[in-house]
There are 2 protein chains.
Amino acid sequence: MPERKPRKDAARNRAAVLAAADTLFARCESTEEVTMADVAAAASVGKGTLFRAFGDRTGLIRALYEARLEPIEDAVEAGPPPLGPAASPLDRVPALLDALLCFKLDNRRLALALEETGSASPYQAEHYQRWHGLLQAMLEQIPGLADSDFTAHALLAATRADLVERLVGHERVRREKMRAQLASFATRVLGSGPTQGLTGRGPIEDQASP
Amino acid sequence: MPERKPRKDAARNRAAVLAAADTLFARCESTEEVTMADVAAAASVGKGTLFRAFGDRTGLIRALYEARLEPIEDAVEAGPPPLGPAASPLDRVPALLDALLCFKLDNRRLALALEETGSASPYQAEHYQRWHGLLQAMLEQIPGLADSDFTAHALLAATRADLVERLVGHERVRREKMRAQLASFATRVLGSGPTQGLTGRGPIEDQASP
DNA sequence: CAACAATACGGACCCTGGGTCCGCTTTGCA
DNA sequence: TGCAAAGCGGACCCAGGGTCCGTATTGTTG
């Protein structure tokens, strides 16, 4: 494959931009108040460099987002139950939703930015496809559950960044409460209770937004 | 109250703008490709007039949206069951969701535009509050259902414009199929089947998008 | 080490598109 | 018919995403 290794300065600049963007996004209320010029300035880099490295605004946000998402992907792909592949669907579906919820709680700004960016919102993001496909496959293994495609979408919709933002930032719902509510909702949809409850702060450690 | 009646030409222009915007939005794939200048030109009106009448882009879209929404609001507020207030919650919740879904199916572009506009998406729209409040009140009357606030949000999330757009425009799910899936999903969440099924094209007649 | 591609840099520049301003026109009341 | 008040419209403004290209770095080759 044509994977050519980048020049040293290019790599350094890319990292600087990522770090600067991360800081800036975390500091402000909405990512929309951070301009590309701001990011470039904060990273001590020219706009040209910024755009060459990430293509466009969406590319930058996506890069940031996917880096943060990696731990969860690993945990789902090869981690221990209830998130990992060894768990039974009845446990794993709630676990996945909970992991996603926690992720959005910890990365509100970023998730919000990504789901708003572009036109067709989160549905065109490649990782959405992954979550949906996985969830659907799990739902299909649950007896008596039809419409796995739609159901997967509907369950994921309950973890959307702007809903989370609304509940946490506006209605002041507490983290644990929201996790419990989502779990209970999922349980209802699945048709019977899971074999174990929620514990701890979240399935994956991650830097919380300030 | 300080409700002063507008001048005749102002009223005419307002109507012209509304009509022009409607046509333009219906014609294009995404409302984002329609600029305010386009709307003004199509309505044979200056940009100043346009902005004076609606404040800003969001105002225009909202005006269009709320006009379309009125029939549903009436039906919910004072219509016959299962949408009207006489119905039991177990019938009315699915009916409301179905009405909302049909509305979004018939007004995809518009709903999409509104839910994307601004930052905190649909949750800051005043009509969302209404649907949510109503739904929550109904859920509270259903025995054995906790977390009515969250549940209402989650159910509404399943009718979000971009999800509808995704299913209909991308996955090519047929209208009736989607209605059935949503109904079935709602049923699951409510904990038991409704006392009647779906019939007809939709609860409210409305111009379909071309 | 010198020379030279190839690659990257960066900030001046462009352009779209939302929103404003203000001199002119229309309306409608007296 | 006269005269405010209300409204009109399009020239204008400006933020901000994205591009361009002359210059600077890199690292490779003899």
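In the text below, chain A, chain B and the rest are named by the order of the sequence lines, each starting its count at 1.
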Value in whole Å for how far the [atom2] atom of [N] lies from [atom1] of [X]:
X: B/Arg14; N: D/dA6; atom1: CZ; atom2: C1'; answer: 16 Å
X: A/Asp38; N: D/dG16; atom1: CG; atom2: P; answer: 8 Å
X: B/Met36; N: D/dG9; atom1: CE; atom2: C1'; answer: 15 Å
X: B/Asp9; N: C/dT27; atom1: CG; atom2: P; answer: 5 Å
X: A/Asn13; N: D/dA24; atom1: CG; atom2: P; answer: 17 Å
X: A/Glu33; N: D/dA15; atom1: CD; atom2: P; answer: 16 Å
X: B/Asp56; N: C/dG19; atom1: CG; atom2: P; answer: 5 Å

task: Answer yes or no: is there a donor N or O on one side and an acceptor on the other, between the side chain of A/Asp38 and the main chain of A/Thr35, under 3.5 Å?
output: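 Present.
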message: Quick one: does any side-chain atom of B/Arg109 pair with a main-chain N or O of B/Thr31 as donor and acceptor, under 3.5 Å?
response: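 The answer is no, because no donor-acceptor pair under 3.5 Å joins these two groups.
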- prompt: Bend angle of the helix from C/dC1-D/dG30 to C/dA30-D/dT1 from five-pair axes at both ends, rounded to 10°?
  reply: 0°
- prompt: CG/A/Leu100 to CD1/A/Ile72 distance, rounded to the nearest 0.5 angstrom?
  reply: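 The CD1 atom of A/Ile72 is 6.0 Å from CG of A/Leu100, to the nearest 0.5 Å.
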- prompt: Looking at CE of A/Met178 and CG of A/Leu101, how far apart are the two atoms once the value is rounded to the nearest 0.5 Å?
  reply: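 One gets 5.0 Å once the value is rounded to the nearest 0.5 Å.
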- request: Pick out which of A/Val34, A/Asp22, A/Leu18 makes a side-chain contact (heavy atoms from CB on, under 4.5 Å) with A/Val39.
  value: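 By the side-chain contact (heavy atoms from CB on, under 4.5 Å) criterion, A/Val39 pairs with just one of A/Val34, A/Asp22, A/Leu18: A/Val34.
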field: Proximity to DNA chain D (any heavy atom under 4.0 Å), residues of residues 40-54 of chain A only
entry: A/Lys47, A/Gly48, A/Phe51
field: Basic-acidic side-chain contact under 4.0 Å: B/Asp162, A/Arg160
entry: yes
- prompt: Between B/Arg175 and B/Asp106, is there a salt bridge with N-O shorter than 4.0 Å?
  reply: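 The answer is yes: the pair qualifies as a salt bridge.
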For residues 133-142 of chain A, which side-chain donor-acceptor pairs fall under 3.5 Å, sequence neighbours excluded?
from	atom 1	to	atom 2	distance (Å)
A/Gln136	NE2	A/Ser148	OG	3.4
A/Glu140	OE2	A/Ser148	OG	2.8

task: Determine the contact category for B/Arg7: base if any of its heavy atoms lies under 4.0 Å from a base atom, sugar-phosphate if only primed atoms, P, OP1 or OP2 are that close, otherwise nothing.
output: base
message: Under a plain distance cut-off of 3.5 Å, with no hydrogens placed, do B/Glu171 and A/His153 share a side-chain donor-acceptor pair?
response: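 Yes, because at least one side-chain N or O of A/His153 sits under 3.5 Å from a partner of the opposite role on B/Glu171.
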